[in-house]
Amino acid sequence: MKPVFRESCEKNLSETIGHWKHLHMHPEMATKEETTSRYISEALGRMGVPHSVGVGGYGVVGLIEGGSPGPVIALRADMDALGIEEKTGLPFRSVNEGVMHACGHDAHCAILLGAARILYDMRQGIKGSIKLVFQPAEEYSPIGGAPKMIEDGVLENPTVDAMLGLHVWPILETGTIGVQPGPVSAASDRLRITVKGKSGHASMPHTGVDAILAASATVVALQQIVARNVNPRDTAVITLGTVKGGTNYNIIAEEVFLDGTVRTFDDRVTSMMPTAIKRVADNTCKAYAAEAVVDYRPGYPTTLNDPRVVSVAQKAAVELLGAKGLLTGLPVPAGGEDFAFFSRRVPSAFAWIGCRPKGVSEADFPALHNGRFVPDEAAIPIGVEYTVLAALGLLDELGGK
Ligand SMILES: [Zn+2]
Ligand SMILES: [Zn+2]
């Protein structure tokens, strides 16, 4: 059946690239994807794909029902852009000042629209159903857009058995796909600590409780959690990005606010962090007669790739790009990804689609969230074909074929 997809992909390529360029030109920030949502809805409407809008905000959900019953899978693309000034100089650069598709979510939507057309056209031969999940607010950390879609029932009616997601990945060369089991994105939590002391005259420290001294000791002590409480085979990052406190040079500070982020890659480490941080902050501050008020907010968990779904995704990558095109055992990035929430509900595979043009070195190619980032256009048809192959492979696998 492969040549059929190829032909179909090539035929629809200019339409898919057109979607990408249109979306790139009209980026919208997380939770504000109104015109993006309308554009996607209209594109699905022209194809004839039944769909719902307004799912978890500006989410759009299409449903392709196959000719015969079978498992249900979902394919997800995120829709939102970032508050970054575009510096690509592209003819189709952003017309919305200060907003840019710098994370490639425009490419993800175009890829899913391209795959939707092919899968919809061949639906008679498909056993099972395919949900197309266009998700808003991926960049809306620590809340994200996926939980709202889940709340709105995106994984029900019909119940989704497995899910696929992808991200264009500038570290990897075009013509390669990275997909591997286990965690593939970091858990990203928010940490705020208020250190409370007692103000006094700078010349009479014995009459006050110095919140700055207690906070300084706390900042240092927190790093010992990574050094002494985390298994050396695991990793974690505790970063306090801001320290704010004190009112004047000659007054002992009454309050200090610490604000930071915690990144972890393994559920055991993720779950021990709030308790360990509270213990260290409380007791360190106590040693200085101060008080710590810890506000720990869990954000995106790690995206967890299921081995069975991954093996189907890997087969699709090899079929498309050959054995050399599949990359595994790649280092897990410290960034968060809210596909994580889906991956915790249904067995999933999240793949990295190489989008660095051949011959361009990693050092010379802009990273995600950079004002000069543009994925290689050649990565888009690869994304489409991979999505189609992996979706059909997954339906076969789950259908017991
Ligand atoms: Zn991003
Ligand atoms: Zn992204």
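First listed ligand is number 1; within each ligand, the first listed atom is number 1. A quick note: this is a predicted structure, and the numbers were derived from the prediction, not measured. Position 1 is the first residue of the sequence, and the numbers go up from there. Scope of the values below: all heavy atoms of this structure, side chains included, with no hydrogens, waters or symmetry mates.
Proximity of a side-chain donor or acceptor of S37 to a complementary backbone N or O of Y58 within less than 3.5 Å is detected.
Under 3.5 Å, the side chains of H51 and S41 contain a donor-acceptor pair of N or O atoms.
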Contacts under 3.5 angstrom, residues 291-298 side chains, donor-acceptor by atom type, not counting sequence neighbours:
unit_1 : atom_1 : unit_2 : atom_2 : d
D295   : OD1    : R297   : NE     : 3.2
D295   : OD2    : R297   : NE     : 3.4
D295   : OD2    : R297   : NH2    : 3.0
Y296   : OH     : D189   : OD2    : 2.8

Taking only distance into account, with no hydrogens and no angle test, what donor-acceptor pairs under 3.5 Å do side-chain atoms of residues 82-98 form with protein atoms, sequence neighbours excluded?
unit_1 : atom_1 : unit_2 : atom_2 : d
E85    : OE1    : G98    : N      : 3.3
E86    : OE1    : H24    : NE2    : 3.2
E86    : OE1    : S94    : N      : 2.9
E86    : OE2    : H24    : NE2    : 2.8
E86    : OE2    : T88    : OG1    : 2.5
T88    : OG1    : L90    : N      : 3.2
R93    : NH1    : L90    : O      : 2.8
S94    : OG     : N96    : N      : 3.1
S94    : OG     : N96    : O      : 2.9
S94    : OG     : V99    : O      : 2.7
N96    : ND2    : P27    : O      : 2.7

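Sorted by chain and number, the protein atoms of type N, O or S within less than 2.8 Å of the Zn ion (ligand 2) are C103 SG, H105 NE2, H167 NE2.
Not counting sequence neighbours, the partners of R344 by the salt bridge (Lys or Arg N to Asp or Glu O under 4.0 Å) test are D267.
By the 4.0 Å N-to-carboxylate-O rule, K315 lies too far from E319 to be salt-bridged with it.
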